[in-house]
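Sequence positions, counted from 1, serve as the residue numbers for this chain.
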Amino acid sequence: MFVVRVERGPLAERSDLGSQLAHLREGASWHEQRDPHCHLAWCSGGALVPVVSVGAAGDWLLAFGTVCRGASTLALNAEQLDAWREHTERDGEIPLGDVDGLYVVLYWDASQRRLASAVDPWGMAPLYVAEDARGAWLSSSATAIGCLRPVRLSPRSLAVTTTAGKCLGDLSLFDDVRRVDAGTRLFFDANGPHESRWWQPSGEPLQSGDLAETAEKVVAEQAAYLQHRLAGTSAPLVTLTGGMDSRLVCALAHRSGCAARFVTFGRADSSDAVVARQVAGALDLRWEFIEESPLSIDDWRALVRSTALLSDGEVHPLRGVNRWTQALAEAQPTVLWGLGGECFRDYWSKHERARLLLRGGSRLERLVNYRFTGDGLPERIWSPEFREDGRRGVIDVLAERERRLPHADPLDRLDGLYITERLRRWASVVIFSTTWSATPELPLFSRRLLDLAFRLPRAAKRDARWLRWMIWHAWPAAAELAHNDGYCTLPLERTSLWRRLGDRRRDALHLLEKLGIARRLGLVHSPTPPRDQNPTYREAFGDRLEMGSMRCESAFDSAELSSLIAREIDRPLGRSRPLNFLLGLEEVCRATTQLQT
């Protein structure tokens with residue numbers, strides 16, 4: 001975590017920021033760098049920490065995230081950062097031409113009294129900003145800003161989160177604290193703040209052409225890139241599930257030659273575990289299954305607190321991914337995630353083919369109805385101040401974001417929204433909520449692939465044609481094995497008609513299930529619920545969910561909230577989506593020492 005206070009005039013106070021934020025990262029060591037106009041504080045602890053280089057004149061450069069310059073290794077070391085700072089001092093701005101990864105970079109020019117910051121093209125690494133009359137706060141944590149200046153819960157953000165299951169756009173959970181957009185430079189100097197974009201999708205859309213040839217070239221580039229990224233690290237962990245994105249990362253890890261280990265977490269009878277076991281056996285992988293095991297109440301409480309604070313409450317804290325990364329925390333592993341393959345599939349626009357069956361008058365309304373999953377809290381739970389039309393809010397945010405995309409074709413813009421919104425705000429909080437336990441590495445999030453994701457024609461994304469060819473060229477044996485629900489993984493040009501018809505049948509069943517028809521007709525069956533060994537919400541978090549003592553209670557209708565808690569509190573931990581969300585929100589509110597209620 002890091003936090004910066006910059007002011008136009010001399011700093012009004014020189015307080016110890018680390019002492020005010022120590023409760024957000026327990027056990028971390030805090031460091032500070034001050035001058036009359038800028039105060040930086042950062043902490044070390046966990047697997048991913050800011051790296052800071054300070055010059056003789058008081059200039060400093062901070063890099064946070066997984067930053068790679070050229071063929072550098074996984075993380076910038078002090079020597080590399082010193083050279084980068086000297087380059088920045090000479091040129092007057094942060095050189096980002098050869099930088100890749102998920103990162104935030106800040107540079108303080110002491111002589112010019114100017115703070116420059118830049119966010120990666122994906123916008124995955126978090127940078128929050130709150131401005132006031134004297135200057136601004138910048139931090140990797142919105143909660144940290146709420147400990148240093150007064151904040152209020154944002155009705156618009158909570159309404160959107162209720163519908164979409166995540167913050168969108170530049171929203172944070174707090175009014176007056178916003179998240180800096182992807183590919184953006186933000187400057188503060190004596191004239192105040194100003195902002196510009198340093199990255200935009202480049203070039204014209206690619207022609208369909210020969211997908212196989214293009215995919216082969218990209219696979220070779222990405223395998224070499226991954227090999228450089230992982231040079232000098234111990235055997236990384238690769239998450240292995242039943243999905244196609246995970247299969248691509250598995251194939252790229254094999255092609256790069258890294259001595260990877262593969263891991264699957266969950267219940268032994270889950271679909272991911274079943275498929276992963278088959279894939280690991282067929283490909284002779286070093287695979288480990290980490291079975292979901294009971295936690296003590298103290299461990300549950302620690303998990304909820306750490307996850308909520310690492311994600312600023314933007315994702316519910318009882319996700320399985322947080323549990324298994326915490327289980328491996330002692331090893332501090334580098335984890336290769338399968339996130340990112342969604343960019344190369346027509347997840348959103350494919351629903352336009354069935355638009356006559358889908359509710360919603362506009363494309364964005366259909367998109368919200370069928371591609372968003374809310375946090376499970378019904379609208380009536382919120383107090384009148386917070387009871388906004390969340391669905392309308394989501395559509396408004398998406399419409400605003402859609403206008404900023406360079407594509408003219410409406411369906412291209414839908415796919416662009418998937419990249420900029422779902423991946424940015426969903427994947428980033430999942431990734432950065434685990435950084436206390438593991439170092440994230442996302443081979444599908446290079447700038448080269450982001451540019452391709454915007455430029456690929458829909459024909460290449462339809463039925464995951466591009467992904468299939470990439471898997472085939474990275475490791476043909478991995479493409480021969482089916483993925484989730486028995487879907488074929490081979491390129492369509494190498495798939496028999498019979499198998500393609502089987503995939504169409506599965507597509508039809510999924511659509512009928514989405515519409516609620518398949519279950520009524522008995523075409524699909526609800527899985528047997530797992531045998532619960534978890535304590536109940538009452539046993540583990542009765543004090544956090546007690547009416548009259550909740551810090552977030554003012555956002556809700558008291559009678560409705562009381563009724564919901566009474567109905568859900570005796571369920572096993574993790575099985576109630578409304579209470580999962582409430583616990584994360586409550587932890588953040590308790591940690592935000594200047595929250596106004």
Side-chain angles (χ1 to χ4, degrees), residues 46-48 63-69 71-76 99-105 119-126 140 182-183 199 218-219 221-231 233 235-241 243-256 258 260-263 310-311 315 319 321-322 324-325 328 332-345 418-454 466-467 470-471 474:
L48 197 64
F64 173 70
T66 59
V67 188
C68 176
R69 296 194 67 214
S72 300
T73 51
L74 186 66
L76 287 169
V99 181
D100 221 324
L102 316 174
Y103 56 82
V104 171
V105 182
V119 178
D120 68 72
W122 293 92
M124 291 283 285
S140 57
W199 185 88
V218 172
V219 163
E221 292 173 353
Q222 289 305 116
Y225 170 78
L226 189 59
Q227 189 176 37
H228 285 306
R229 294 282 294 183
L230 298 173
T233 65
L237 289 179
V238 180
T239 57
L240 186 63
T241 66
M244 194 178 287
D245 307 334
S246 168
R247 189 72 55 82
L248 175 55
V249 173
C250 169
L252 283 173
H254 172 80
R255 175 71 179 266
S256 71
C258 66
R261 296 174 295 146
F262 296 83
V263 62
L310 285 165
S311 67
V315 62
R319 300 176 64 92
V321 67
N322 302 110
W324 77 255
T325 51
L328 299 173
Q332 296 275 296
T334 296
V335 178
L336 272 66
W337 296 89
L339 299 170
E342 293 100 326
C343 295
F344 307 105
R345 305 177 72 172
Y418 191 92
I419 296 169
T420 59
E421 293 309 304
R422 173 169 167 83
L423 286 182
R424 180 194 181 207
R425 296 311 299 268
W426 169 74
S428 66
V429 292
V430 171
I431 291 299
F432 281 91
S433 66
T434 66
T435 55
W436 202 252
S437 309
T439 301
E441 178 59 30
L442 283 77
L444 303 183
F445 277 88
S446 71
R447 194 189 307 184
R448 158 80 160 143
L449 286 183
L450 176 59
D451 188 64
L452 272 173
F454 277 100
W466 175 261
L467 273 183
M470 286 190 72
I471 296 170

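The CG atom of Leu230 sits 10.0 Å away from atom OH of Tyr225, with the distance rounded to the nearest 0.5 Å. For the atom pair CD1 (Ile431) and CG (Leu310), the distance works out to 12.5 Å, reported to the nearest 0.5 Å. Rounded to the nearest 0.5 angstrom, Leu452 CG and Phe344 CZ are separated by 6.5 Å. In this structure, CG in Leu442 is found 11.5 Å from CG in Leu449, a value given to the nearest 0.5 Å. Between the CG atom in Leu226 and the CG atom in Leu336 there is a gap of 5.5 Å [rounded to 0.5 Å]. Remark: Asp120 CG to Leu102 CG distance equals 5.5 Å, nearest 0.5 Å.
In this structure Ser428 satisfies the side-chain hydrogen bond (donor to acceptor under 3.5 Å, both in side chains) test together with Arg179, sequence neighbours excluded. Residues that satisfy the side chain to side chain contact (heavy atoms under 4.5 Å, CB included) test with Ala260, not counting sequence neighbours, are Pro236, Val238, Ala253, Cys258, Phe262. Contacts of Glu221 classified as side-chain hydrogen bond (donor to acceptor under 3.5 Å, both in side chains), with partners at least two apart in sequence or in another chain: Arg448. Judged as a ring-ring contact (aromatic ring centres under 6.0 Å, His included), and not counting sequence neighbours, Trp436 has no contacts. Pro121 pairs by the side chain to side chain contact (heavy atoms under 4.5 Å, CB included) definition with Tyr103, Trp198, Trp199, Arg447, Leu450, not counting sequence neighbours. Taking the side-chain hydrogen bond (donor to acceptor under 3.5 Å, both in side chains) definition, one finds that Ser433 meets it with Asn322, sequence neighbours left out. By the side chain to side chain contact (heavy atoms under 4.5 Å, CB included) test, Val430 is found to be paired with Arg319, Val321, Trp426, residues two or more places apart in sequence or in another chain being considered. Evaluation of the side chain to side chain contact (heavy atoms under 4.5 Å, CB included) rule for Val263 yields Leu237, Ile290, Trp324 as partners, not counting sequence neighbours.
The closest side-chain heavy-atom distance from Phe454 to Thr420 is below 4.5 Å. The closest side-chain heavy-atom distance from Cys343 to Trp122 is below 4.5 Å. Val335 places none of its side-chain heavy atoms less than 4.5 Å from the side chain of Pro440. The shortest side-chain heavy-atom distance between Val249 and Asp245 does not fall under the 4.5 Å cut-off.
Using modelled atom types, no side-chain atom of Thr66 and backbone atom of Thr439 make a donor-acceptor pair closer than 3.5 Å.
Nearest heavy atom pair, residue Leu444 against residue Gly341, reads CD1-N, 3.5 Å. In plain terms, the two heavy atoms of Ala223 and Arg255 that are nearest each other are CB-CG, 3.4 Å.
For residues 425-440, the salt bridge (charged side-chain N to carboxylate O under 4.0 Å, His left out) pairs, not counting sequence neighbours, are Glu314-Arg425.
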